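Counting starts at 1 for both ligands and their atoms, in listed order. None of these values were measured; they are calculated from a predicted model.
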Amino acid sequence: MAADSHAADTGSPELPEPPQGARNLVMVVLDSLRHDSWLAAEPKTLASLGPVERRWSYATWTAPSHYNLLMGLLPHTSPPEVYASEYYKEDFRRYGERLGIEGMEFKRMLPSIFLPTFLRHTLGYRTHAMVSMPVLNQHTAINRDFDSYELMPAHNDMAAMLPKLEFDEERPSFHLLNVGETHYPYALPDEDPSTWPRISGVHGVFKRLEDASEDQPQPTEPREFFDQAKMGELRDRQIRAVDYLDGVFARLFDLLPDDTWVIVTSDHGELFGEDRYFGHGPIMHEKVLEVPYVEGRVP
Ligand SMILES: [Zn+2]
């Protein structure tokens, strides 16, 4: 693939023969998407996968949340009176159904406890990632045991990922897609960046992820943080992004091989002014952990 892809084939031992009937797995992470933004958008194509659940992320921002997802631990249901170890075991066991394989249990994930490692070296999958957020770029620690791993040129263009999706005839494939239209500034790919909404300070943080050489101090004096009308506008933009992405999912589902298992979720939620918070990250709030979750065989 592209020059920034990470080729892991060289020098690695021969991949095992995949189990008979093992399914492709596609995990799509709609970055920063709130559960209630999904509900408000009423995405019809996504609804065809199954009923959307309200779940909880293990982390409030992109990097730890994606590491958690790649451990195979999906957003949780927060069940009372259940030991954590039992919940984890059950979540891992569910990969038997997702992948269409026999004998799935937690100890098969050991010692790495890393989904791409397990899929590639134990089950013989091809493993690929396309990410939109610079904090997940190919030089980070989560790029491990992927056949290809690419930071997309634009942070907000899921449609640009579709022609790059590869499925091997001989082996099942795993794809991680980190999608950025739902991330601040909730911009659709055809939207002129000069018209994006600007929030003082926040945009600067986002830009700095793209340009590590820029290092300006943040203002420390108290100021007007935001106005609620602006927050409502931003929330509407995230809902609109889901509506747009639903059309991209229709195209994605058309090109996925039959029987592919699809998971669509978010890495964390987003605050639009609740309790004077905006965004996600260093925020302890229910709405930044609440995420949408749906999975099923491609319709
Ligand atoms: Zn994120």
Side-chain angles (χ1 to χ4, degrees), residues 26-38 41 46 52 54-76 115-116 129-143 149-158 160-161 175-189 196-197 199 201-210 212 231 234-235 237-242 244-245 248-249 263-274 277-294:
V26 176
M27 186 186 292
V28 187
V29 183
L30 303 176
D31 209 290
S32 313
L33 179 60
R34 278 170 65 134
H35 175 256
D36 55 9
S37 292
W38 176 309
L46 284 167
V52 65
R54 176 182 182 235
R55 289 206 182 191
W56 307 97
S57 174
Y58 285 86
T60 62
W61 75 286
T62 309
S65 186
H66 278 77
Y67 181 77
N68 210 93
L69 292 165
L70 286 173
M71 288 180 75
L73 288 173
L74 297 162
H76 60 82
L115 193 59
M130 284 183 266
V131 300
S132 302
M133 291 298 120
V135 295
L136 300 176
N137 74 71
Q138 66 275 17
H139 304 290
T140 60
I142 69 165
N143 179 12
Y149 192 110
E150 185 182 0
L151 173 64
M152 298 299 288
H155 86 274
N156 61 335
D157 197 356
M158 178 181 171
M161 296 175 178
H175 287 275
L176 169 72
L177 306 180
N178 162 257
V179 170
E181 280 92 329
T182 44
H183 188 284
Y184 175 84
Y186 328 100
L188 305 188
W196 291 356
I199 291 195
V202 179
H203 193 75
V205 170
F206 189 63
K207 286 304 286 180
R208 264 200 300 287
L209 293 174
E210 293 167 342
M231 289 293 121
L234 295 176
R235 178 168 182 266
R237 287 175 61 86
Q238 188 177 64
I239 295 166
R240 183 191 64 154
V242 176
Y244 160 77
L245 287 170
V248 182
F249 274 99
I263 296 168
V264 186
T265 189
S266 177
D267 54 346
H268 48 75
E270 190 84 320
L271 276 294
F272 292 115
E274 292 89 349
Y277 286 115
F278 170 71
H280 58 268
I283 294 172
M284 177 55 222
H285 195 286
E286 182 177 284
K287 289 290 177 192
V288 87
L289 290 167
E290 185 187 63
V291 293
Y293 182 86
V294 66

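Angle OG1(Thr62) to the Zn ion (ligand 1) to NE2(His268): 110° [nearest 10 degrees].
The backbone N or O of Phe272 lies less than 3.5 Å from no partner atom in the side chain of Arg235, so there is not a single donor-acceptor pair. Under a 3.5 Å cut-off, the side chain of Asn178 and the backbone N or O of Met133 do form a donor-acceptor pair.
Closest approach between the Zn ion (ligand 1) and any N/O/S atom of Asp31 involves OD1. For Asp267, the N, O or S atom with the smallest separation from the Zn ion (ligand 1) is OD2.
When all heavy atoms of Val288 and Gly281 are compared, the closest pair comes out as CG2-N, 4.4 Å. Across every non-hydrogen atom of Leu271 and Arg34, the tightest pair is CA-NH1, 4.0 Å.
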